[in-house]
Amino acid sequence: MPKLLSPIEVERFRSEGYLSPIRVMSEDEAAGTRARLEEFETRTGGPLRGDLRHKTHLLFPWLADLVRNAKILDAVEDLYGPELLCWTSNFFIKEARNPAFVSWHQDSTYWGLSEPDVVTAWIALTPSNEANGAMQVIPGTHQLDQIPHRDTFHQHNLLTRGQEIEVEVDPAQAVTLTLRPGEMSLHHVRLVHGSPANPSGDRRIGFAVRYMPTRVRQTAGEDSATLVRGEDRFHYFEPEPRPMQELAPEFLALHKKIAERNARILYRGTEVRSYNETAAIRG
Ligand SMILES: O=C(O)CCC(=O)C(=O)O
């Protein structure tokens, strides 16, 4: 018996590779989460950058709670069972009237994970729609194998390596995932997706959380993950602790170590050594 999704939705995810929209918190709660992020940004002098956009759930208790949100986990459990890891989380922030975009890609390309049983919960902290650069997907493409990608390191591309798939995408096939604050979409790690720039007058903020069953391994180096539901009987990933206070020194040190190690996996085969280097290129 599924916990949150209907059997038809589970079937749709299997055939189309995504589901959207799914409400996981109220609009007020989403506004509260945005306010916490922006209070931190104001305090520290500007938009969240570099390392701080990744695995931020290891630094802020309110994001540690979000990656453990019961509705999100119920939906993910319906797809991948009751023993779940959060592999990483990433803020995708597009500033108002900004050229930042995301090229067409498959998430699986550089993640080094042993199998494509990985799903992203993309949680909207602002509206996300055609007017502000919402995510677009090409339904059914998760059933393709891994497609070759080329790295562009384009200045305005929000992806680590600016990677894009090496085959033409027919924009007529694209579906825009329109979300209200507090709703999420779910997409499969092999689904082809991307998003255009945000020409609107407000920021578009998404928090993307990557979940997988505990049986998935990292094949490209040492790695860690957060157990968010059930038991980890495989121990393929170093377990990550839960932060109880904001930016505790020991968590900042751990986060730095993990970010450097993750960067070695994600940028392998290139000269880049850290997320902060590509953040610097992007200005
Ligand atoms: O936020 C976006 O527009 C793209 C997000 C994305 O590529 C992802 O979550 O995998």
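FYI, side chains are in, hydrogens and waters are out, and symmetry mates aren't considered; it's all heavy atoms of this structure.
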Salt bridge between Arg261 and Glu238, side-chain N to carboxylate O under 4.0 Å? yes
Taking it one step at a time, do Arg203 and Glu38 satisfy salt bridge (Lys or Arg N to Asp or Glu O under 4.0 Å)? CA-CA 11 Å; Arg203 312 174 90 188; Glu38 293 187 335; 2.8 Å; yes
Can you tell if the side chain of Phe101 reaches within under 4.5 Å of the side chain of Leu158, non-hydrogen atoms only? no
If you measure from the Lys or Arg side-chain nitrogens to the Asp or Glu carboxylate oxygens, is any gap between Arg264 and Glu260 under 4.0 Å? no
Who passes side chain to side chain contact (heavy atoms under 4.5 Å, CB included) against Ala64, sequence neighbours left out? Arg68, Arg242, Pro243
Arg210 and Thr120 side chains, donor-acceptor separation under 3.5 Å: yes
Do Lys94 and Ser195 have side-chain N/O donor and acceptor atoms under 3.5 Å apart? yes
Write down the atom of Val118, the atom of Trp111, and the distance for their closest heavy-atom approach. CG1-CZ3, 4.1 Å
Any donor-acceptor pair under 3.5 Å linking the side-chain atoms of Tyr110 with those of Asp151? yes
Taking the hydrophobic residues Ile, Leu, Val, Met, Phe, Trp and Tyr, and joining any pair whose side-chain heavy atoms are under 4.5 Å apart, which ones share a cluster with Ile165? Trp104, Ile138, Leu144, Ile147, Val167, Val169, Val192
Please, which pairs that meet salt bridge (charged side-chain N to carboxylate O under 4.0 Å, His left out) have at least one residue in residues 181-198, sequence neighbours excluded? Arg23-Glu183, Asp145-Arg190
Looking at Arg217 and Glu115, is there a salt bridge between them, counting it only when a charged N and a carboxylate O are closer than 4.0 Å? no
Check which hydrophobic residues are tied to Ile258 through side-chain heavy-atom contacts below 4.5 Å, counting indirect links as well, and list them. Leu58, Leu254
Between Asp202 and Arg34, is the closest basic N to carboxylate O distance under 4.0 Å? yes
Side chain to side chain contact (heavy atoms under 4.5 Å, CB included) with Glu130: which residues, sequence neighbours excluded? Thr176
Counting heavy atoms not belonging to Arg233, are there more than 12 under 6.0 Å from its CZ? no
Report yes or no: do Ser26 and Asp28 form a side-chain donor-acceptor pair below 3.5 Å? no
Side-chain contact, heavy-atom cut-off 4.5 Å: Leu52 with Phe40? yes
For Ala124 and Ala30, work out which heavy atoms get closest and say how close. O-CB, 4.1 Å
Just by distance, no angles: are the side chains of Glu240 and Thr226 close enough, under 3.5 Å, to form a donor-acceptor pair? yes
Of all heavy-atom pairs between Asn198 and Ala131, which one has the smallest distance, and what is that distance? OD1-O, 4.1 Å
Residue that, paired with Glu164, satisfies side chain to side chain donor-acceptor pair (under 3.5 Å) out of His149, His154, Arg150: Arg150
Would a distance-only check, ignoring hydrogens and angles, find a side-chain to backbone donor-acceptor pair under 3.5 Å from Glu41 to Leu48? yes
Distance-only donor-acceptor check, side chains Asn129 and Arg180, under 3.5 Å: no
Are the charged groups of Arg215 and Glu231 less than 4.0 angstrom apart, N to O? no
Return the set of residues passing ring-ring contact (aromatic ring centres under 6.0 Å, His included) with His193 (not counting sequence neighbours), or none when no residue passes. His105, His187
Please check if the number of heavy atoms outside Glu168 that lie under 6.0 Å from its CD is greater than 12. no
Donor + acceptor pair across side chains of Ser108, Gln146 (<3.5 Å): yes
